[in-house]
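As the structure is a prediction and not an experimental result, all values here were calculated from the model. Per chain, numbering begins at 1; letters A, B, ... match sequence-line order.
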2 protein chains.
Amino acid sequence: MVEAPRNTRQRRAVVAILEDLDGFASAQEIHDILKKRGESVGLSTVYRSLQVLAEAAEVDALRNDDGEVLYRQCSAGHHHHLVCRSCGRTVEVEGPTVERWADKIAAENGFRDVAHTLEIFGTCASCPS
Amino acid sequence: MVEAPRNTRQRRAVVAILEDLDGFASAQEIHDILKKRGESVGLSTVYRSLQVLAEAAEVDALRNDDGEVLYRQCSAGHHHHLVCRSCGRTVEVEGPTVERWADKIAAENGFRDVAHTLEIFGTCASCPS
DNA sequence: CATGACGCTGAGAATCATTGTCAAATCCGC
DNA sequence: GCGGATTTGACAATGATTCTCAGCGTCATG
């Protein structure tokens with residue numbers, strides 16, 4: 001039996017931040033925001049909460065070029081991201097054609113249990129060069 | 001003027017390993033292989049060599065789920081990878097449709113300096129479930 | 001509402017890939 | 001062969017993430 005996660009102040013605080021944020025943010029950034037708001041939450045707890053949320057598919061996670069893991073509250077269902085390198089602003093995008101293409105390629109080469117990662121990075125219109 | 005890189009034993013050794021390997025390997029793995037072959041090369045040097053090669057687009061780099069950077073000698077030109085999770089065997093694939101799709105999506109949303117990452121992971125035909 | 005079991009928290013230590021440091025070794029044009 | 005710039009490598013340092021573990025908070029239950 002899987003235990004239901006407990007409803008703690010800290011977990012609620014992390015979820016609240018994610019709801020407010022528009023784009024992707026690292027665990028450390030979220031920790032900083034919490035500190036600024038006076039909602040003190042331990043760094044370890046922020047990491048753990050995000051892991052739990054990511055496993056439950058309540059948030060999406062991806063790595064930036066520096067290898068940091070970034071988190072964001074997203075809509076349900078399979079989708080990809082168009083992410084601003086500078087401000088983190090994110091647009092969710094869908095690419096049914098791409099999904100089919102990837103599956104076809106994998107099948108042609110005899111691969112099974114197929115998954116794929118696809119993210120688009122750029123600089124958004126409101127960020128300076 | 002950019003200085004031409006020097007032709008050192010260590011750099012040649014790293015390149016030789018990459019030529020022998022079929023799939024992606026981490027800097028540490030390459031360092032281990034070098035050690036086993038008796039071609040002692042410092043770990044820092046392996047990292048530096050791979051960085052240089054990656055910048056020169058002579059090898060491709062990607063991150064696995066653990067956040068490690070993996071390197072592989074690839075053909076020239078833009079392409080993506082179909083990678084076996086189990087044995088690392090890699091097939092290079094092209095997807096002109098995907099490239100166009102990604103650029104179009106980015107343009108529609110006012111993003112510039114666009115790049116994308118796309119990798120397909122699966123289990124290849126010769127690996128057990 | 002009190003209780004107890006057990007998950008959750010947090011401060012700090014530990015981990016681990018990667019990068020920085022810098023003196024000594026190596027290249028390479030001359 | 002020389003000399004100066006580049007490269008190397010042992011080791012320290014960094015930085016994100018995970019681990020540890022004693023104490024706290026939750027919550028089903030009485």
Atom CD of A/Gln28 and atom C1' of D/dG15 are separated, to the nearest Å, by 8 Å

*asked:* At 4.0 Å (heavy atoms only), tell me whether A/Gln51 reaches a base, stays on the sugar-phosphate, or touches nothing.
replied: sugar-phosphate

A/Gln10 CD to C/dG7 P, in whole Å, measures 17 Å

For this session: Kindly say if B/Arg9 contacts the phosphate of C/dC27, meaning a side-chain N or O under 4.0 Å from OP1 or OP2.
Result: no

Heavy-atom nearest nucleotide on DNA chain C taken for B/Leu70 and for B/Arg12; more 5' hit belongs to B/Leu70

Phosphate contact (D/dG9 OP1 or OP2) by B/Ser44 side-chain N/O below 4.0 Å
no

Among the nucleotides D/dG9, D/dT7, C/dG10, whichever has the atom closest to the side chain of A/Arg48 is C/dG10

Whole-Å distance, B/Leu34 CG to D/dG9 C1', equals 14 Å

Separation of C/dG10 atom P from A/Glu39 atom CD, nearest Å, is 11 Å

Judged by nearest nucleotide, the residue sitting upstream toward the 5' end of DNA chain C, B/Glu68 or B/Arg6, is B/Glu68

**Request:** Apply side-chain contact (heavy atoms from CB on, under 4.5 Å) to B/Thr97 and A/Trp101, showing your working.
**Result:** CA-CA 9 Å; B/Thr97 312; A/Trp101 171 83; 5.7 Å; no

Spell out, as yes or no, whether a donor-acceptor pair under 3.5 Å connects the side chain of B/His116 to the backbone of B/Val114.
no

Shortest non-hydrogen pair, A/Asp66 vs B/Arg63, comes out as C-NH2, 3.5 Å

Between CG of B/Leu43 and P of D/dT8 the distance, given in whole Å, is 13 Å

To the nearest angstrom, the OH-P distance between B/Tyr47 and D/dC11 comes to 17 Å

Testing D/dT8, D/dA16, C/dG10 for proximity to the side chain of B/Thr45, the answer is D/dT8

Please work out if A/Ser40 contacts a base, only the sugar-phosphate, or nothing of the nucleic acid, heavy-atom cut-off 4.0 Å. sugar-phosphate

From the candidates C/dT18, D/dT17, D/dT8, the one with an atom nearest any side-chain atom of A/Ala27 is D/dT17

Given A/Asp113 and B/Arg85, is the side-chain contact (heavy atoms from CB on, under 4.5 Å) satisfied, shown in steps? CA-CA 10 Å; A/Asp113 300 330; B/Arg85 279 191 205 87; 4.0 Å; yes

Separation of C/dG10 atom P from A/Leu50 atom CG, nearest Å, is 13 Å

Between NE2 of B/His31 and C1' of D/dT8 the distance, given in whole Å, is 12 Å

Salt bridge or not between A/Glu39 and A/Arg12? Use side-chain N to carboxylate O under 4.0 Å.
no

*Under 4.0 angstrom, heavy atoms only, what part of the nucleic acid is B/Asn7 near: base, sugar-phosphate, or nothing?*
sugar-phosphate

Touch class at under 4.0 angstrom, heavy-atom based, for A/Thr8 against every strand present:
sugar-phosphate

